[in-house]
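Reviewing the structure listed below.
Residue numbering restarts at 1 for every chain, and letters A, B, ... go by the order of the sequence lines. Because only heavy atoms are used, hydrogens play no part in the values below, and waters and symmetry mates are left out as well, while side chains stay in.
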Protein chains: 2
Amino acid sequence: MPPTLEEVAKLAGVSRSTVSRVVNQHPNVRPEVRERVWEVIRKTGYQPHAAARSLATRRTRVIGLIIPQAVTTLFTDPYFPILIRGIADACNAHNYHLMLSLFSRRRVQESRARQDLLYQQVLRSRYLDGVVVSSAPLDDPIFPRLLEDGVPFVLIGRYSHERVSYVDVDNVVGARMAVEHLLRLGHERVATITGPLNMCAGQDRLEGYRQALAARGIPVDEDLIAEGDFTEQGGQAAMRRLLPHRPTAVFAASDMMAAGAIKVLREAGLRVPEDVAVVGFDDIPLASMVEPPLTTVRQPIEQLGSMAVELLVSLMENPGEETVHRVVLPTELVIRASCGVRSR
Amino acid sequence: MPPTLEEVAKLAGVSRSTVSRVVNQHPNVRPEVRERVWEVIRKTGYQPHAAARSLATRRTRVIGLIIPQAVTTLFTDPYFPILIRGIADACNAHNYHLMLSLFSRRRVQESRARQDLLYQQVLRSRYLDGVVVSSAPLDDPIFPRLLEDGVPFVLIGRYSHERVSYVDVDNVVGARMAVEHLLRLGHERVATITGPLNMCAGQDRLEGYRQALAARGIPVDEDLIAEGDFTEQGGQAAMRRLLPHRPTAVFAASDMMAAGAIKVLREAGLRVPEDVAVVGFDDIPLASMVEPPLTTVRQPIEQLGSMAVELLVSLMENPGEETVHRVVLPTELVIRASCGVRSR
DNA sequence: CGCCTTTCTGGGAGCGCTCCCAAAATTACC
DNA sequence: GGTAATTTTGGGAGCGCTCCCAGAAAGGCG
């Protein structure tokens, strides 16, 4: 049975309040008393009881990371571990703990119910001081709920509501750079495998693709656009749909999809990059490990996570001011072999 | 301001205690009263306050996942997301929440201090009802501490202490199957890139390698054993050390290391599998995506995670009995192209 | 040295819940 | 119809902490 404040107080010959002051670094404690109390704390291994503290302060020092339902499937994408590492590091640095809320990958309606339940349990029950939401579809019901409940949160991605803080990478520019690179290499039939179009990253990367074509005055051929879901399987399926339209280059909105596309191209007897150039997005470790190494758009995934936590912390710790923070991080084109750096 | 028990009670015209009974499904409540109370709960959106509840019950319904320091680097290995998914799903199913404790990847001594601090904060402060520990070195100080503090925990891996419950995969047999397969294909100089030898998975896979050789009466050549750290870079470095000893086949204790090894072999002008056969371990998604697709040992990663939670839950919910649970899951050899399924 | 500030300390109240016990209401049974 | 057993209900105490307020101690100053 671990000691309580009261017990420590008795051992140190002071009152509960004084021990509390010492623990919470309140300045008004005589140095010798402070030292005596610390001594007892050290000796007894006293540690404040989290629940009792939360009950009194109404804060838990726990941040939630919520990754809504459907996307859980994507969890095999190395994007997430890297993101989580960024988030976890930043949490550590700010002395917050991290609670992970994934949603079961079962049938949609069941999962919807679970999500409701979890939302109730985790947020309404005041488990969390704030949350980071990642990879949510634009119309996810979680946003209105969070806003209504007044839970501080930061989105990774974007959401057009004046009171939502977010951190995003410049998906439009990144995608545009990728496609422009392909066009510069002389490709005229550049296809794209998009992400899910109900997510902002999916939409933005498609927008970048369109902009790149538009800048060259090339009309968009809808047959060269296939929607994927960020997974390898999705990339394969999309590539199969694209194949009959004979693209000479493909911009995939994620490296996993690019890998899937390459597999399909190979099966169709096409060489990469000689017959079809491929560019991905993310620059996950896999990108440099496949054959040929992927040309891709690097996004600062870890920073995305840590930045989200920074914003959230500032949001939580200044509850008065209604400031909204928005950060957009830059992307970078990493040229490897899959685009076939050839002259036209 | 969310409603409290007391407020719900007043609205329903009953006492605090009765509402508590309804919420906690205690049978001794008259059905019509129960219904009336539920009605109010629904209307007000009442949700019990987690901290208050924890304070009274001394349980939090939160499970911690602890992945000790050094290994955090490995977090790019897709092994972890899959494991986490298994754990998260099982937590959901049992109505527990999941807290993630990773340790900062800074300098070792700093990280050691942080780990101490986190240990204090998270465990001594009773944030968690129990923990799952994954990928800890055998001599990690966390084990004695957990045992001493009487925190229920389940290890993913193994630990030889009578009071430790764990779930593991059959690394010895898995590794042995892999190496036997290579021997069966006619290889005589089979090298191995091991995992970190201070981890039991690393040791066991090496043991499987030794057993396979011993079964054929082949003496172990220590020059053909190189220690890695489960990362791609580690695999590359180990392969470089192995190269001068001209192995004709390599068994890598993880797919990431196998991928690294292949890269080095290629750079040395060797073909895989024609010149050197390679077998990995894990069967992460990457394994089927590289060229050539990896022959590897599949382990049920997700099940490993969910099983750990099952054990932990049973441990936590039957605190009286001193039962120790030990589960070892089977592995399976998945034959693809990298081993070169050729006749001798 | 006495009075007024400032610093330090102790105790009460309360955060929202559960759990126990006793009282009230109901049911069972002779 | 009355007593005993059982079910249902309400209230008190307490979980371990923080925060506020009032009182004690210390310091400043004429």
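- You'll find that the side chain of B:Thr18 is closest to D:dT9, out of D:dT9, C:dC17, D:dT18.
- Atom CZ of A:Arg34 and atom C1' of C:dC8 are 11 Å apart (whole Å).
- Taking only side-chain atoms of B:Ser15, from C-beta outward, the nucleotide of C:dG16, D:dT8, D:dG10 with the closest atom is D:dG10.
- Straight-line distance from the CZ atom of A:Arg58 to the P atom of D:dC17: 18 Å, rounded to whole Å.
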Review point. Can you check salt bridge (Lys or Arg N to Asp or Glu O under 4.0 Å) on A:Glu148 and A:Arg145, steps first, answer last?
Key: CA-CA 5 Å; A:Glu148 195 186 335; A:Arg145 303 185 82 171; over 6 Å; no
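- For a distance-only test at 3.5 Å, the side chain of B:Ser17 qualifies as a donor-acceptor partner of the base of D:dG11.
- Checking D:dT18, C:dC19, D:dC17 against the side-chain heavy atoms of A:Asn24 singles out D:dT18 as nearest.
- For A:Thr57, the side-chain atoms get nearest to D:dT18 when compared with the rest of C:dG16, D:dT9, D:dT18.
- Between the P atom of C:dC19 and the CZ atom of B:Arg59 lies a distance of 10 Å, rounded to the nearest Å.
- Counting to the nearest Å, the C1' atom of D:dA13 and the CZ atom of B:Arg16 are 9 Å from each other.
- Taking the six-membered ring for Trp, A:Tyr159 and A:Phe143 have ring centres closer than 6.0 Å.
- In this structure, B:Arg30 does not reach the D:dT7 phosphate: none of its side-chain N or O atoms is under 4.0 Å from OP1 or OP2.
- The CD atom of A:Glu6 sits 10 Å away from the P atom of D:dG16 (whole-angstrom rounding).
- For B:Thr4, taking side-chain heavy atoms from C-beta onward, the closest of the listed nucleotides C:dC17, D:dC17, C:dT18 is C:dC17.
- A salt bridge between A:Glu39 and A:Arg36 is absent, with no side-chain N of the basic residue lying under 4.0 Å from a carboxylate O of the acidic one.
- The distance between atom NZ of B:Lys10 and atom C1' of D:dG10, rounded to the nearest whole Å, is 15 Å.
- The side chain of B:His49 lies closest to C:dC17, out of C:dT9, C:dC17, D:dC17.
- No hydrogens or angles were tested; on distance alone, a donor-acceptor pair under 3.5 Å links the side chain of A:Arg21 to the base of C:dG10.
- Of the two residues near DNA chain D, A:Tyr46 and B:Pro31, the one whose nearest nucleotide lies more 5' is B:Pro31.
- We find that CG of A:Asn28 is positioned 14 Å from P of D:dC20, with the value rounded to whole Å.
- The side chain of A:Val14 lies closest to C:dG10 when the candidates are C:dG10, D:dC17, C:dC17.
- The pair B:Asp149-B:Arg124 meets the salt-bridge criterion, with a side-chain N (NZ, NE, NH1 or NH2) lying under 4.0 Å from an Asp/Glu carboxylate O.
- For A:Ala52, whose side chain is taken as the heavy atoms from C-beta onward, the closest listed nucleotide among D:dG16, D:dT18, C:dG11 is D:dG16.
- We find that CD of A:Gln25 is positioned 12 Å from P of D:dT18, with the value rounded to whole Å.
- Between B:Lys43 and B:Glu7 there is no salt bridge, since no side-chain N of the basic residue sits under 4.0 Å from a carboxylate O of the acidic one.
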